2 protein chains.
Amino acid sequence: MAAQQHQVTLTEVARAAGVSTATASRAINGSSRRVSEDIAVRVKRIAEELGYLPNLSAQTVAKGASPTVAVLLSDIADPYFSAIAAGIMAGASEAALMVTMAASERSPARELQILRTFRSQRPQAIIVAGSRDEENTHAQEFTGQLRTYAETGGRVVVISQGPSPFDLVDIQNHDGARKLAHALVDRGGRHFGVVSGRVTLQTNADRIDGFRTGLAERGLTLTDDAIVETEFTRDGGYVGMHELLHRHKDLGAPLDTVFATSDMMAFGAATAIRDHGHSVGADISLAGFDNVGLTEDVNPAMTSVNVPLHELGRSAVRMALGSGREPVRLPISTQVVLRASTPQR
Amino acid sequence: MAAQQHQVTLTEVARAAGVSTATASRAINGSSRRVSEDIAVRVKRIAEELGYLPNLSAQTVAKGASPTVAVLLSDIADPYFSAIAAGIMAGASEAALMVTMAASERSPARELQILRTFRSQRPQAIIVAGSRDEENTHAQEFTGQLRTYAETGGRVVVISQGPSPFDLVDIQNHDGARKLAHALVDRGGRHFGVVSGRVTLQTNADRIDGFRTGLAERGLTLTDDAIVETEFTRDGGYVGMHELLHRHKDLGAPLDTVFATSDMMAFGAATAIRDHGHSVGADISLAGFDNVGLTEDVNPAMTSVNVPLHELGRSAVRMALGSGREPVRLPISTQVVLRASTPQR
DNA sequence: TTGAAAGCGATACCAC
DNA sequence: GTGGTATCGCTTTCAA
């Protein structure tokens with residue numbers, strides 16, 4: 001069994017090439033100063049032969065900055081976040097940045113803890129995806145930490161988090177939900193219900209509000225008891241839909257169209273509808289939001305509001321590279337995508 | 001506008017506390033040497049007040065190892081990988097490790113490039129998820145790089161990659177597919193088709209082979225022209241299913257049950273079946289593999305073979321922490337989950 | 001226990 | 001252009 005070998009260092013390369021470490025550094029990793037062609041070639045060849053790889057941490061210490069973006073999200077297993085993450089990774093790859101990632105699993109305490117670790121890494125930027133609950137007591141501390149990070153030269157990009165002192169990727173939730181309401185009324189919907197995640201998450205509040213506004217513009221009212229508030233997950237959608245159907249059975253009130261504030265919730269809701277013996281589409285129209293993968297593959301295909309998640313992830317990285325003093329806001333427009341889950345009725 | 005501030009360093013904390021940096025280091029980040037209680041408390045308090053955060057890169061340079069695991073996967077937007085990634089992140093969190101992640105997007109060149117970057121980071125371990133194409137010319141180079149990394153003290157964990165000189169999380173693909181074949185025959189399937197990703201990916205080869213074995217054990221033969229080989233993605237499943245239906249139309253041969261070698265492929269295949277005017281379940285039974293999220297929410301619910309992806313991700317991290325000399329193999333058993341997409345016929 | 005000082009692996013300033 | 005060397009922030013011998 002091979003004994004533990006050791007990583008080749010720049011000093012060794014320099015010695016082998018008969019130049020100073022300064023020159024070797026310039027030849028291999030480049031700098032403003034130039035190196036004569038022949039030396040550059042020789043040093044690079046020797047580095048190659050020796051299997052030299054720069055020690056990123058050493059470079060980071062010397063330069064004072066790490067070629068890294070740190071990404072905080074709620075749950076990578078959720079298609080919404082994994083699509084964003086894919087975009088971020090693509091953008092980072094284009095910009096020759098590394099990505100470090102952590103999931104809060106929606107725990108505020110964990111969120112703070114992750115932020116500390118991120119800050120220890122001195123990344124170029126921290127990208128925060130996933131609306132956090134602004135009600136929680138950690139929120140203030142969290143923002144404070146981010147602010148300190150920004151003041152010490154870091155860049156912060158927040159995805160879909162309402163007004164913020166940082167760069168913001170601003171998904172047009174309100175507008176998308178409003179347009180969805182219009183489309184659903186046009187398809188003959190009259191009696192609406194909503195299954196939503198906690199409204200303390202800005203995303204949910206905006207989507208509900210936009211939907212309500214859209215209905216109002218068509219002369220319809222969305223009452224509070226037509227809205228069920230549960231977990232912002234697939235299971236939440238399932239449970240919430242049960243609750244909604246239950247309410248309407250008690251009330252004897254009709255219900256022809258349901259808006260779930262995310263596709264994941266809509267998927268759960270669809271199963272709940274079937275478990276109640278009803279048919280999605282034929283009996284109850286159902287729409288989601290985000291247009292994640294598989295909206296076309298469920299049966300019936302799910303009406304949704306498209307959010308260009310992948311592209312938005314790439315954009316977040318580009319913003320992270322910015323250097324302006326003032327926070328930038330990048331609006332991301334959304335588009336209704338009508339499918340079979342909301343037939344004309 | 002606040003001027004750019006600067007990060008507090010250990011030296012500053014030490015000076016403020018009136019102790020040496022050595023002592024401050026021991027007090028804050030711990031070491032074998034102990035520090036008297038009162039000094040420890042004082043230093044920690046001052047560090048807190050000053051907002052000190054250790055510089056991880058500096059620690060890494062000094063210690064020679066970074067508290068990080070690096071994860072290479074094909075595509076984080078794929079539920080298979082995002083579930084594994086979620087498990088890895090959970091495991092890393094438990095072990096107080098950071099996670100850096102990159103996606104190869106199934107490009108061998110990119111894969112090598114990522115591996116170089118990873119090695120530059122000097123992580124504790126590199127976890128490779130996603131079966132790579134062993135046919136490609138980069139494969140050898142890739143393994144060589146990993147071997148070098150391992151020889152210089154790094155730990156390598158490979159997920160589902162056949163026999164390997166590294167730690168291996170060994171998903172029982174062959175056995176799962178075999179059991180699936182049995183179950184499908186028991187449900188009345190007689191005329192089988194397979195939609196698969198490239199068989200140069202070990203995973204596909206194993207799943208097909210297991211399926212064929214299972215059928216053979218029930219006295220049925222799976223001929224080569226009943227197998228369509230396409231991209232190992234949702235779209236591949238869609239296209240492949242079209243092809244399969246097309247072939248059978250030409251042949252006038254019956255086809256009652258289809259096995260897609262991943263759930264993503266199965267989802268695409270289901271839509272293709274519907275696009276052909278057939279019904280999944282009633283006309284053609286369809287089964288996938290992996291049991292990713294949403295198998296229960298598509299309609300009809302999709303029969304699959306469960307792979308404990310999240311748990312397996314956590315296990316991968318635990319293996320990454322190991323220190324044994326010999327590579328470890330961790331078998332991951334799989335279970336058939338029958339659902340409505342494969343009714344009794 | 002504590003501190004002085006020598007690394008860790010690189011970069012960058014300052015001479016030459 | 002090239003080399004010498006201080007420096008980055010931290011850990012860890014080695015003495016005291």
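Just so it is clear, the structure is predicted and the values come from calculations on it, not from any experiment. These values consider heavy atoms only, across backbone and side chains, with no hydrogens, waters or symmetry-generated copies. First the proteins, then the strands, lettered A, B, ... as listed; each starts at 1.
- The NZ atom of Lys63(B) sits 6 Å away from the P atom of dT12(D) (whole-angstrom rounding).
- One atom, CD1 of Ile28(A), and another, P of dT11(C), lie 9 Å apart when rounded to the nearest Å.
- For Ser36(B), taking side-chain heavy atoms from C-beta onward, the closest of the listed nucleotides dT2(C), dT12(D), dT11(C) is dT2(C).
- A sub-4.0 Å separation between OP1 or OP2 of dT11(C) and a side-chain N or O of Ser25(A) is present.
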Go through Arg45(B) and Glu49(B) one step at a time and tell me if the salt bridge (Lys or Arg N to Asp or Glu O under 4.0 Å) criterion holds. CA-CA 6 Å; Arg45(B) 183 173 48 73; Glu49(B) 284 171 12; 3.0 Å; yes
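- The side chain of Leu10(A) has dA10(C) as its nearest neighbour among dC10(D), dT2(C), dA10(C).
- Within 3.5 Å, no donor on the side chain of Arg122(B) pairs with an acceptor on the base of dG9(C), nor the reverse.
- If you check dG4(D), dA5(C), dG9(D) against the side chain of Ala58(B), the one that comes closest is dG9(D).
- For the pair Arg110(A) and Glu94(B), the salt-bridge criterion is not met [side-chain N within less than 4.0 Å of a carboxylate O].
- For the pair Glu12(B) CD and dC10(D) P, the computed distance is 9 Å after rounding to whole Å.
- Map Ala24(A) and Ala62(B) each onto its nearest nucleotide of DNA chain C; the residue landing nearer the 5' end is Ala62(B).
- The closest side-chain donor-acceptor pair between Ser107(B) and Ser104(B), if any, does not fall under 3.5 angstrom.
- Side-chain N/O atoms of Thr11(B) include none lying less than 4.0 angstrom from OP1 or OP2 on dG9(D).
- Nearest to the side-chain atoms of Asn29(B) among the listed nucleotides dC10(D), dA10(C), dT2(C) stands dC10(D).
- Rounding to whole angstrom units, CZ of residue Arg26(B) and P of dC14(D) are separated by 14 Å.
- For the pair Asn55(B) CG and dC10(D) C1', the interatomic distance rounds to 8 Å; values are reported in whole Å.
- The closest side-chain heavy-atom distance from Asp38(B) to Arg42(B) is not below 4.5 Å.
- Neither OP1 nor OP2 of dT2(D) sits under 4.0 Å from any side-chain N or O of Thr23(A).
- Take the nearest nucleotide of DNA chain C for Asp38(B) and for Thr21(B): the residue whose nucleotide is more 5' is Asp38(B).
- Following rounding to the nearest Å, Gln121(B) (CD) and dG9(C) (C1') show an atom-to-atom distance of 16 Å.
- Within 4.0 Å of Val61(A), counting heavy atoms only, lies at least one base atom of the nucleic acid.
- Using a cutoff of 4.0 Å between basic side-chain nitrogens and carboxylate oxygens, Glu311(A) and Arg318(A) are scored as salt-bridged.
- The separation between Gln59(B) atom CD and dA10(C) atom P is 19 Å, rounded to whole Å.
- Across the protein-nucleic acid pair, Arg15(B) atom CZ and dG3(C) atom C1' stand 16 Å apart, rounded to whole Å.
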